[in-house]
2 protein chains.
Amino acid sequence: MTTRVAVSAEPRARARRRASRGTAPASRSTGDDQETRSRLLKVSERLFADRGFKDVTVREICRAARANVAAINYHFGDKLGLYREVLQTATDAMRATNDAARRAGQGQPPEEKLRRYVLIFLQGLLASNYETLHRLIHREMNDPTPVLDAFVEQSVRPRVEYLAGIVAELIGGKPTDQRVLRCVASVHSQSITYLPNPIAARLGFHFKPTPSQIEEAARHIAGFSLAGIRAVGRKKSEV
Amino acid sequence: MTTRVAVSAEPRARARRRASRGTAPASRSTGDDQETRSRLLKVSERLFADRGFKDVTVREICRAARANVAAINYHFGDKLGLYREVLQTATDAMRATNDAARRAGQGQPPEEKLRRYVLIFLQGLLASNYETLHRLIHREMNDPTPVLDAFVEQSVRPRVEYLAGIVAELIGGKPTDQRVLRCVASVHSQSITYLPNPIAARLGFHFKPTPSQIEEAARHIAGFSLAGIRAVGRKKSEV
DNA sequence: ATTTGTATAAAACATCTGTTTGACTCGTGT
DNA sequence: ACACGAGTCAAACAGATGTTTTATACAAAT
């Protein structure tokens, strides 16, 4: 009895109306008129990030978005449809971070590529506008919903392959070398550790994601990792 | 509407009977008689680790343990009471790992202390009998239940402080130095990355937790980290 | 033999869950 | 003027959920 799969994307009768988007929705008379649909997206992003897909109720989302209970089913087919759309924006944001890191590293020596990658990744991870999206993704890691597969292919794999390329360049091995993969895991894991989490908070790790603190952390990770990678490179290659 | 707090440990009428434990429960007549209580503990440990506190239903647990729906409330007061007890065994296991790591490092130079710590931690993390317990804990990191505080104090803090001591010895700083704390985070994050997770699985990271693979991974983490720590130690100390 | 305490079981309870329904309000196109 | 579709709403639905109740079986103590 896991996360309740709805195989077909748009399940029921209605909710296909929104096929006709872009025909100037214009404003309607009802008071505020802030496009209920986008309010639902915005509100649910935060709620899903805070507590996960299953632990957030549609009633809660709708209350927070000042919308009717039926709004989610009307606009997104069902709860999973809404979640899918929220996670798609997360995927896009992550891909944008990937591309930015790639661009920043172009023409640079591998050491500098790694430094810039870590910094940009960390900025993307902790920048206030993206932080909820990344927490969302972190949730998928522990409680995969049917959306995870698409996300891994579109976001994680390109990122890991890029990192593997850098590391391979640094230690002079194939990107599929076990040593390379372990180094990639080491770099990546250090980065995501800086996502806010309740245990760190209880330990008194008061890491404030200000630009300068983020740079500091990025410098640490890059320096730590470059030394680590070089050390690994000095050892004999394995199968 | 989070995980449903039950402030008092043993909430209702019954379930305090088990105060009188140890008076030889003996066996009763009903067929198998395998101590329903311990069956519930065993079964729910796996279920909670797989899907988290909230996503597992008491009916499911009871079905898997071949017990009545009321069994949980009878033996543990309520669902959270069962969870609390399961997590207590996890805490104990983790503390045992801590102690083992400490003993193994006694009288060793700090480099060797770190190597042994990482190995023992990883063994504890991935040994088949403890693996579910650690996944359980990993869940608390993302979705804290009321049980988290006790766990952090009893397990995580001693461990982090021990690691901080080693690192401080290596780079010659105070255990509260920012550089030290960042190194601790680096070491710890690399270790927990080796817990099985769906994203790694989808990426084709087929890490089998055999003893030799675990040793391999521990060697990597220790070597990588020692080089990293030394590099950090070469830099000027910060506030 | 009776009482007492422990353990189990089936059924019921109250609440919460995602979803659906049917009515109603508008603007727009004819 | 009219029909139509888009969007919203209150109410209801069916199923799941944690918990409680009531009844019963049994062993040990009295």
Side-chain angles (χ1 to χ4, degrees), chain A residues 1-6 8 10-40 44 51 53-63 65-83, chain B residues 1-6 8 10-40 44 51 53-63 65-83:
Chain A
M1 200 156 295
T2 66
T3 28
R4 178 59 139 291
V5 184
S8 65
E10 306 285 280
R12 282 270 181 268
R14 290 174 173 71
R16 267 157 278 167
R17 321 299 176 74
R18 60 194 186 74
S20 62
R21 276 272 134 192
T23 49
S27 80
R28 293 179 63 270
S29 63
T30 9
D32 43 337
D33 194 306
Q34 237 293 72
E35 276 291 276
T36 308
R37 193 186 135 88
S38 65
R39 255 181 300 142
L40 285 171
S44 64
R51 310 218 309 279
F53 176 73
K54 254 209 140 183
D55 286 6
V56 178
T57 71
V58 304
R59 282 179 170 78
E60 209 174 355
I61 297 169
C62 292
R63 204 184 317 128
R66 304 188 314 283
N68 187 268
V69 228
I72 287 180
N73 297 281
Y74 179 78
H75 285 284
F76 304 96
D78 59 8
K79 187 186 173 186
L80 187 66
L82 167 62
Y83 182 75
Chain B
M1 201 158 295
T2 66
T3 24
R4 179 58 139 291
V5 183
S8 66
E10 305 283 281
R12 281 272 182 267
R14 288 175 175 73
R16 267 157 278 168
R17 321 297 177 73
R18 61 193 186 74
S20 62
R21 276 274 131 193
T23 49
S27 79
R28 294 178 61 269
S29 64
T30 10
D32 44 337
D33 194 306
Q34 238 292 71
E35 277 289 276
T36 309
R37 193 186 135 88
S38 67
R39 256 180 299 140
L40 285 171
S44 63
R51 307 218 309 280
F53 176 73
K54 254 210 139 182
D55 286 5
V56 178
T57 71
V58 303
R59 281 177 170 80
E60 208 175 355
I61 297 170
C62 292
R63 205 183 316 129
R66 302 187 316 281
N68 187 268
V69 229
I72 286 180
N73 296 281
Y74 178 78
H75 286 284
F76 304 95
D78 58 7
K79 187 186 174 187
L80 188 66
L82 167 61
Y83 182 75

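Remember, it's a predicted structure, so these values are computed and weren't measured experimentally. Letters go in sequence order (proteins before strands), and every chain restarts at 1.
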Could you go through nucleotides 9-13 of chain C and list every protein N or O atom that sits under 3.5 Å from one of its N or O atoms, giving the distance for each pair?
unit_1 : atom_1 : unit_2  : atom_2 : d
C/dA9  : OP2    : B/Asn68 : N      : 3.3
C/dA10 : N7     : B/Asn68 : ND2    : 3.3

Nucleotide nearest B/Asp78 when distance is taken to its side chain, options C/dA7, D/dT8, D/dT19: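 Of all the options, the side chain of B/Asp78 is nearest to D/dT19.
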Heavy atoms from C-beta onward define the side chain here; which of D/dG18, D/dA6, C/dA7 lies closest to that of A/Tyr74?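 Of D/dG18, D/dA6, C/dA7, D/dA6 is nearest to the side chain of A/Tyr74.
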Between atom [atom1] in [X] and atom [atom2] in [N], what is the gap in whole Å?
{"X": "A/Asp55", "N": "D/dA16", "atom1": "CG", "atom2": "C1'", "result": "15 Å"}
{"X": "A/Glu60", "N": "C/dT15", "atom1": "CD", "atom2": "P", "result": "19 Å"}
{"X": "A/Ile61", "N": "C/dG18", "atom1": "CD1", "atom2": "P", "result": "8 Å"}
{"X": "B/Asn73", "N": "D/dT17", "atom1": "CG", "atom2": "P", "result": "15 Å"}
{"X": "B/Lys79", "N": "D/dA16", "atom1": "NZ", "atom2": "C1'", "result": "12 Å"}
{"X": "A/Tyr83", "N": "C/dT19", "atom1": "OH", "atom2": "P", "result": "15 Å"}

Counting only side-chain N and O atoms of B/His75, is one of them less than 4.0 Å from OP1 or OP2 of C/dT8?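 Affirmative; the distance criterion is met.
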Is there a side-chain contact between B/Glu60 and B/Arg51, using heavy atoms and a 4.5 Å cut-off?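 They are in contact (side-chain heavy atoms under 4.5 Å apart), so the answer is yes.
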A/Lys79 side chain vs A/Val56 backbone, donor-acceptor pair below 3.5 Å: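 It does hold such a pair.
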Quick one: bend of the helix from C/dA1-D/dT30 to C/dT30-D/dA1 from 5 pairs per end, to 10°?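 The angle separating the two end axes equals 20°.
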